[in-house]
Amino acid sequence: MGRIVVGVDGSESSVKALHWAVRQAELTGDTLEAVNSWEYPATSWASMMPGMPEDFDPQALATVALTETLEEALGAEGAAAVSKVVVIGNPAQSLLDRAEGANLLVVGARGYSGLKATVLGSVSLHVTQHAPCPVTVVRG
């Protein structure tokens with residue numbers, strides 16, 4: 001038994017990747033780990049933003065967003081069976097870090113049509129080039 005890591009950011013493509021990863025985990029007996037990452041805005045943007053409220057907690061907000069996405073996609077029981085990981089950092093690098101020792105990394109691809117459909121998004125492209133394990137990119 002191993003571990004499958006799936007990137008879940010609440011987008012439609014990440015929910016499709018989540019469903020694919022759940023089915024794969026059922027077939028292999030692997031555990032499933034859903035990862036969501038967040039970053040503070042770049043410094044140049046921070047100067048343009050009004051002050052953050054003292055009780056602003058982006059880690060808690062990201063955790064709630066991940067939990068809600070899992071429950072909407074899998075139901076309460078299905079979501080409870082998934083390990084939830086929320087980290088601060090670049091999404092691609094966070095997924096690569098969590099994929100260390102995993103059997104598989106699963107990510108969604110952007111939902112473009114036409115010529116853009118042949119191009120992966122920046123996160124999926126980066127992880128396919130640098131992952132420490134096999135990667136599955138789930139397309140729409």
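Computed from a prediction, not measured in an experiment: that's the story for all the values here. Numbering starts at 1 and runs along the sequence shown. For the numbers below, each heavy atom of this structure counts, side chains included, while hydrogens, waters and symmetry mates do not.
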Under 3.5 Å, sequence neighbours excluded: what are the donor-acceptor pairs made by side chains of residues 66-88?
from  : atom 1 : to    : atom 2 : distance (Å)
Thr67 : OG1    : Thr63 : O      : 2.9
Thr69 : OG1    : Ala65 : O      : 2.9
Lys84 : NZ     : Ala79 : O      : 2.9
Lys84 : NZ     : Val82 : O      : 3.0

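In Gln129, the CD atom is crowded: over 12 heavy atoms of neighbouring residues, nucleotides or ligands sit closer than 6.0 Å.
Each of Val15 and Val106 belongs to its own hydrophobic cluster when Ile, Leu, Val, Met, Phe, Trp and Tyr are linked at side-chain heavy-atom distances under 4.5 angstrom.
A distance of 12.0 Å separates CZ in Arg23 from CG in Leu32, rounded to the nearest 0.5 Å. Distance check, rounded to the nearest 0.5 Å: CG of Leu18 to CG of Asp9 gives 11.0 Å.
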Test side chain to side chain contact (heavy atoms under 4.5 Å, CB included) applied to Leu105 and Leu95, step by step: CA-CA 8 Å; Leu105 172 59; Leu95 288 169; 4.2 Å; yes
Under the criterion side chain to side chain contact (heavy atoms under 4.5 Å, CB included), I'd like the reasoning laid out for Ile4 against Glu33: C-alpha separation, chi angles, the key distance, then a yes or no. CA-CA 6 Å; Ile4 296 174; Glu33 179 179 292; over 6 Å; no
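The side-chain heavy atoms of Val127 and Leu96, taken from C-beta on, include a pair separated by under 4.5 Å. With contacts defined as side-chain heavy-atom distances shorter than 4.5 Å, the pair Asn90/Glu39 qualifies. Contact check for Glu100 versus Cys133: no side-chain heavy atoms found under the 4.5 Å cut-off. Looking at heavy atoms from C-beta onward, Leu104 lies out of side-chain contact with Asp30 at the 4.5 angstrom threshold.
The shortest non-hydrogen separation linking Ala62 to Asn36 is O-ND2, 3.7 Å. Ser94 and Ser37 get closest at one heavy-atom pair: OG-CB, 3.5 Å. Of all heavy-atom pairs between Ala17 and Gly108, the closest is CB-N, 3.6 Å. When all heavy atoms of Ser11 and Ser14 are compared, the pair lying nearest together is O-OG, 3.0 Å. In plain terms, the two heavy atoms of Gly2 and Asn103 that are nearest each other are CA-ND2, 3.3 Å. Residue Ala34 comes nearest to Val8 through the heavy atom pair CB-CG2, 3.9 Å, listed as atom of the first residue, atom of the second, then distance.
In this structure, the side chain of Thr28 does not engage the main chain of Met1 through any donor-acceptor pair within 3.5 Å.
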